[in-house]
Amino acid sequence: MMAQVLSVLVWALLLSGAFFLVTGALGMVRLPDVFTRMHAAGMADTMGAGLILVGLCVHSGVNLVTLRLLLVLAFLWFTSPIATHALAKAALSGGAEPYTLAGGDEGERGTEAEGGGMS
Amino acid sequence: MNRVLWLWGILFALWLPLSDHYEPLFLFFGVLTCTIAVFVGARMGIVDRESVPVQLVWRGALYLPWLVWEIFKSNVRVARIILTPRLRVDPSIVHFRASQLTDLGRFIYANSITLTPGTVTTGIVGDDFEVHAIVQEEIDGSEENEMNRRVVVLEGEGA
Amino acid sequence: MFAVTAAALLVAMCLAMCRALLGPTAYDRVLALNNIGTMTVVLIAVLGFLNGRPDFLDLALAYALINFIGTIAVLKYIEYGDLGTSGGPRRRNASRR
């Protein structure tokens with residue numbers, strides 16, 4: 001009984017984590033410029049990786065493997081905002097123009113339109 | 001001095017399960033490694049309130065669950081934006097005033113903002129935070145004020 | 001179930017790789033590579049469980065750190081043109097806003 005509950009929980013965590021990862025990657029392709037894509041990447045970094053690693057933790061029980069998984073998670077959650085912030089700052093000072101609704105067509109995918117043309 | 005001992009303990013507690021060897025020789029190597037690392041850190045003068053913030057551990061344990069829940073909520077929000085067939089992004093750059101007293105508090109606040117998807121801290125000048133938001137209306141300030149307040153509580157009495 | 005997760009990770013990595021190849025600016029590519037690195041960390045962990053050998057987690061740990069340092073190094077290189085420059089306050093672009 002307990003094992004089944006745990007198994008269902010692991011399934012749910014892994015699948016929802018995978019959902020957030022794929023959604024984040026989809027956002028990387030769909031969103032119009034580098035600043036909005038950062039939010040999608042942040043999504044994959046936080047909930048995508050987090051839910052999958054916590055799911056693996058639940059699967060492995062309490063042992064050294066769990067500790068390592070939690071360490072990986074802690075490193076990811078500590079380093080990802082710093083990398084994102086460094087990227088945002090570098091992009092701003094490097095002349096990338098943030099996409100705004102007024103500046104472009106709404107809903108335009110803009111693989112080429114943004115950044116390349118304006119920077 | 002107290003912090004140096006704390007750092008040594010944390011490093012050794014990290015080293016021990018990661019190596020997973022408990023023979024005397026390997027324990028000796030672990031002690032040696034941690035001592036050298038802490039010695040170099042102390043000589044550089046970087047073992048202080050900011051780099052070893054052990055004063056934050058208990059209040060941080062209270063802050064973390066709230067932060068995770070907040071991250072989950074904004075993840076769902078951004079996922080909905082991405083999965084909507086017609087993209088409804090309205091990105092803009094807004095400014096906040098942070099009320100933390102120490103640099104460490106501001107660092108935690110800025111990283112918390114960046115860690116929640118939908119908002120990214122792009123610049124900090126003094127207590128003025130420049131934040132890029134994916135949808136402008138989402139940032140009405142109430143949630144950021146709540147986070148600001150909680151980080152001030154986490155920070156404690158300040159410097 | 002680990003196989004399903006690994007497959008989803010590979011799909012997500014392919015999508016991010018599309019962005020790395022298409023990305024109009026260098027920052028898009030760095031962002032996509034950072035994202036791929038994060039997914040690689042998770043993929044290593046999942047593969048360890050898939051093969052029943054969670055020892056791979058040490059690799060994931062090291063890869064997480066290398067990924068972070070690599071991203072910062074590439075950003076610094078893009079911004080300053082070399083890695084030897086010390087940090088310090090950056091010149092903000094006046095024509096921005």
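Residue numbers begin at 1 in each chain, while the letters A, B, ... track the order of the sequences. This structure is a prediction, so every number in the text was calculated from the model and none was measured. No hydrogens, no waters, no symmetry mates; every other heavy atom, side chains included, goes into these values.
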Under 4.5 Å from any heavy atom of chain A, what part of L61(C) do you find: side chain, backbone, both or neither?
both
At a heavy-atom separation under 4.5 Å, does M1(C) approach chain A through its side chain, its backbone, both, or neither?
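When you check distances to chain A, atoms from both the backbone and side chain of M1(C) fall under 4.5 Å.
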Report the option among L31(C), L65(C), V46(C), D58(C) that has the most heavy-atom pairs separated by less than 4.5 Å from atoms of chain A.
L31(C)
Specify which of T84(A), L26(A), V10(A), V72(A) makes the most heavy-atom pairs with chain C at under 4.5 Å.
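Highest number of heavy-atom pairs under 4.5 Å: V72(A).
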Just give me the residue among L69(A), L15(A), I82(A), L76(A) that pairs up with chain C most often, heavy atom to heavy atom, under 4.5 Å.
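Most heavy-atom pairs under 4.5 Å with chain C: L69(A).
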Any chance the side chains of T38(C) and N35(C) put a donor and an acceptor closer than 3.5 Å?
no
Contact class of [X] relative to chain C, heavy atoms under 4.5 angstrom:
| X | result |
| --- | --- |
| L87(A) | both |
| L21(A) | both |
| L53(A) | side chain |
| L64(A) | neither |

Nearest 0.5 Å, please: how far is OG1 in T36(A) from CZ in R30(A)?
11.5 Å
Checking side-chain contact (heavy atoms from CB on, under 4.5 Å) for the pair D28(C)/D33(A): CA distance, chi angles, key distance, verdict?
CA-CA 8 Å; D28(C) 291 288; D33(A) 79 329; over 6 Å; no
Do R19(C) side-chain atoms and A32(C) backbone N/O form a donor-acceptor pair below 3.5 Å?
no
Do T46(A) and F20(A) have side chains that approach each other closer than 4.5 Å (heavy atoms only, starting at C-beta)?
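Heavy-atom side-chain distance check fails, nothing below 4.5 Å.
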Over 60° means perpendicular and under 30° means parallel, so classify the ring planes of H59(A) and F49(C), tilted if in between.
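The rings of F49(C) and H59(A) stand perpendicular, inter-plane angle above 60°.
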